[in-house]
Amino acid sequence: MIFLSLVELWLFICGSWNDCNDQYLLLLVSARTNMNFKNMKVPKVPLRGIGALLSVGVVGGLGVYGLNNSVYNVEGGSRAIVFNRITGIKDKVYPEGTHLIIPWFERPIIYDVRARPHETSSIAGSRDLQMVKIVLRVLARPVPDQLPTMYRTLGVDYAAKVMPSIVHETLKAVVAQYNASQLITQRETVSREIRKILTERAAKFNIAMDDVSITSLTFGNEFMTAIEAKQVAAQDAERAKYVVELAEQDKKSAIIRAQGEAKSAQLIGEAIANNPAFVTLRKIEAAREIAKEISNSANKVYLNSDSLLLNLQDLKLT
């Protein structure tokens with residue numbers, strides 16, 4: 001029994017029963033089943049050696065545990081705060097790099113302080129009672145200097161607790177101030193108003209807003225049908241307006257053309273009355289044009305020169 005106790009003690013020093021070597025387990029089983037305990041001589045094992053071995057094992061284990069848990073790293077774009085089991089959350093915020101803590105008594109809490117996108121969709125009513133589905137995309141990040149306060153009030157998952165509520169409430173409040181048509185024509189103004197209110201509300205929770213933008217605006221089917229009908233009516237009105245303007249221009253053009261012809265006839269009449277040679281000059285010009293056309297033609301034409309105004313011999317050129 002003394003030998004079995006020593007074997008069991010050795011197995012206990014090595015670790016748990018499941019982690020021990022199979023050879024030692026076989027030794028234990030064979031010792032319990034086949035050995036004659038009456039004739040067995042048990043060697044004397046000094047108790048001091050066992051105690052020293054246990055002490056070395058305990059000290060070594062504590063040393064490895066302390067070494068592994070006394071150093072932590074803060075990656076780029078992150079900040080850390082430390083929780084102490086005695087004093088609670090420390091007010092100091094630790095920057096990027098390697099830092100020391102007291103094992104077991106302290107543990108680090110890492111925050112990602114880079115801007116992260118959050119997209120939220122909400123259905124809100126406009127001032128003219130039109131339902132609008134608006135999708136908002138924001139870039140939000142925690143304020144690094146306020147991480148201890150944020151952890152005490154919101155924890156690590158601050159975005160899931162704060163962003164949906166303040167975004168929905170802000171969208172509904174701003175959209176209710178505009179008509180559906182104004183949401184389309186004044187989109188930049190609406191986006192700027194949403195960003196202003198959302199930044200002020202997020203600052204109360206120590207969250208900074210780097211960017212706020214409207215990515216989508218969707219209206220109901222009835223409103224879209226009304227918009228299309230309005231656009232068609234506007235296009236028809238513009239087309240009718242163009243037709244009227246075209247008729248006005250044609251009218252003015254005809255008047256101007258008639259006035260020009262009347263003026264031309266008046267001038268021609270005055271020229272003929274003042275100088276009969278004006279008719280002769282016109283005949284010469286007409287004869288020149290007719291002769292040019294005939295000369296360029298490939299066909300041979302024989303006509304009376306009087307009918308073609310080519311008989312210039314009888315003209316009085318004096």
Side-chain angles (χ1 to χ4, degrees), residues 77-79 109-245:
S78 301
R79 297 292 185 274
I109 302 168
I110 309 297
Y111 272 90
D112 187 357
V113 297
R114 290 171 292 190
R116 301 178 62 183
H118 301 275
E119 189 170 280
T120 306
S121 62
S122 178
I123 298 177
S126 62
R127 191 170 61 182
D128 54 353
L129 303 181
Q130 295 291 337
M131 300 307 296
V132 183
K133 182 180 179 181
I134 182 171
V135 180
L136 192 70
R137 186 178 186 271
V138 300
L139 289 177
R141 57 180 176 83
V143 179
D145 297 338
Q146 301 298 325
L147 289 180
T149 303
M150 176 178 288
Y151 185 79
R152 293 188 184 101
T153 56
L154 300 174
V156 179
D157 55 342
Y158 64 93
K161 296 179 180 178
V162 175
M163 296 301 297
S165 60
I166 64 175
V167 170
H168 282 289
E169 184 62 26
T170 302
L171 287 177
K172 293 180 183 298
V174 174
V175 170
Q177 301 176 9
Y178 296 88
N179 294 330
S181 59
Q182 291 176 338
L183 293 175
I184 299 175
T185 58
Q186 302 179 18
R187 183 167 180 168
E188 183 65 26
T189 303
V190 175
S191 178
R192 188 164 50 249
E193 184 69 17
I194 292 175
R195 177 173 183 174
K196 177 183 177 182
I197 298 177
L198 197 58
T199 301
E200 293 176 355
R201 297 199 60 180
K204 298 179 181 179
F205 299 96
N206 300 313
I207 300 175
M209 293 290 178
D210 291 340
D211 182 66
V212 178
S213 59
I214 299 175
T215 59
S216 176
L217 275 175
T218 306
F219 298 90
N221 294 330
E222 295 179 357
F223 179 77
M224 297 303 297
T225 303
I227 289 295
E228 292 178 0
K230 183 178 179 180
Q231 291 178 348
V232 171
Q235 292 176 357
D236 292 340
E238 289 295 330
R239 188 179 297 107
K241 182 179 178 181
Y242 172 75
V243 172
V244 172
E245 291 180 354

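For this chain, numbers begin at 1 and follow the sequence in order. This structure is a prediction, so every number in the text was calculated from the model and none was measured.
Within the 4.5 Å cutoff, the side chain of S126 has no heavy atoms near those of the N179 side chain.
In this structure, CD on Q182 lies 9.5 Å from OG1 on T189, to the nearest 0.5 angstrom. Residue S78 holds its OG atom at 7.0 Å from CD1 of I110, rounded to the nearest 0.5 Å. Separation of atoms CZ (F219) and CG (L183) is listed at 5.0 Å; rounding is to 0.5 Å. Here the straight-line distance linking atom CD1 of I194 with atom CD1 of I214 works out to 4.0 Å at 0.5 Å rounding. Taking CZ of R201 as the reference point, atom NZ of K196 lies at 15.0 Å (rounded to 0.5 Å). For the atom pair CZ (F205) and CE (M163), the distance works out to 10.5 Å, reported to the nearest 0.5 Å.
Checking side-chain atoms of T199 against main-chain N and O of R195 turns up a donor-acceptor pair under 3.5 Å. Formation of a donor-acceptor pair under 3.5 Å by the T215 side chain with backbone atoms of V135 is found in this model.
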Cut-off 3.5 Å, no hydrogens considered: what does the side-chain donor-acceptor table look like for residues 167-178, sequence neighbours left out?
residue, atom, partner, partner atom, Å
H168, ND1, S122, OG, 3.3
T170, OG1, I166, O, 2.7
K172, NZ, I123, O, 2.7

Let me check something: any side-chain donor-acceptor pairs from residues 143-160 under 3.5 Å, sequence neighbours excluded? List them with distances.
residue, atom, partner, partner atom, Å
R152, NH2, I89, O, 3.0
R152, NH2, D91, OD1, 3.0
T153, OG1, T149, O, 2.9
T153, OG1, M150, O, 3.4

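Applying the 6.0 Å contact sphere to NZ of K161 captures more than 12 heavy atoms from other residues, nucleotides or ligands. Counting heavy-atom neighbours within 6.0 Å of D236 CG, excluding the residue itself, gives a total above 12.
Residues passing the side chain to side chain contact (heavy atoms under 4.5 Å, CB included) test with R116, sequence neighbours excluded: D112, H118. The side chain to side chain contact (heavy atoms under 4.5 Å, CB included) search around T225 returns none, not counting sequence neighbours. With sequence neighbours excluded, the residues satisfying side chain to side chain contact (heavy atoms under 4.5 Å, CB included) with D210 are A115, L139, R141. Residues that satisfy the side chain to side chain contact (heavy atoms under 4.5 Å, CB included) test with K204, not counting sequence neighbours, are absent from this structure.
Closest of all the heavy-atom pairs between S216 and R187 is N-NH2, 3.8 Å.
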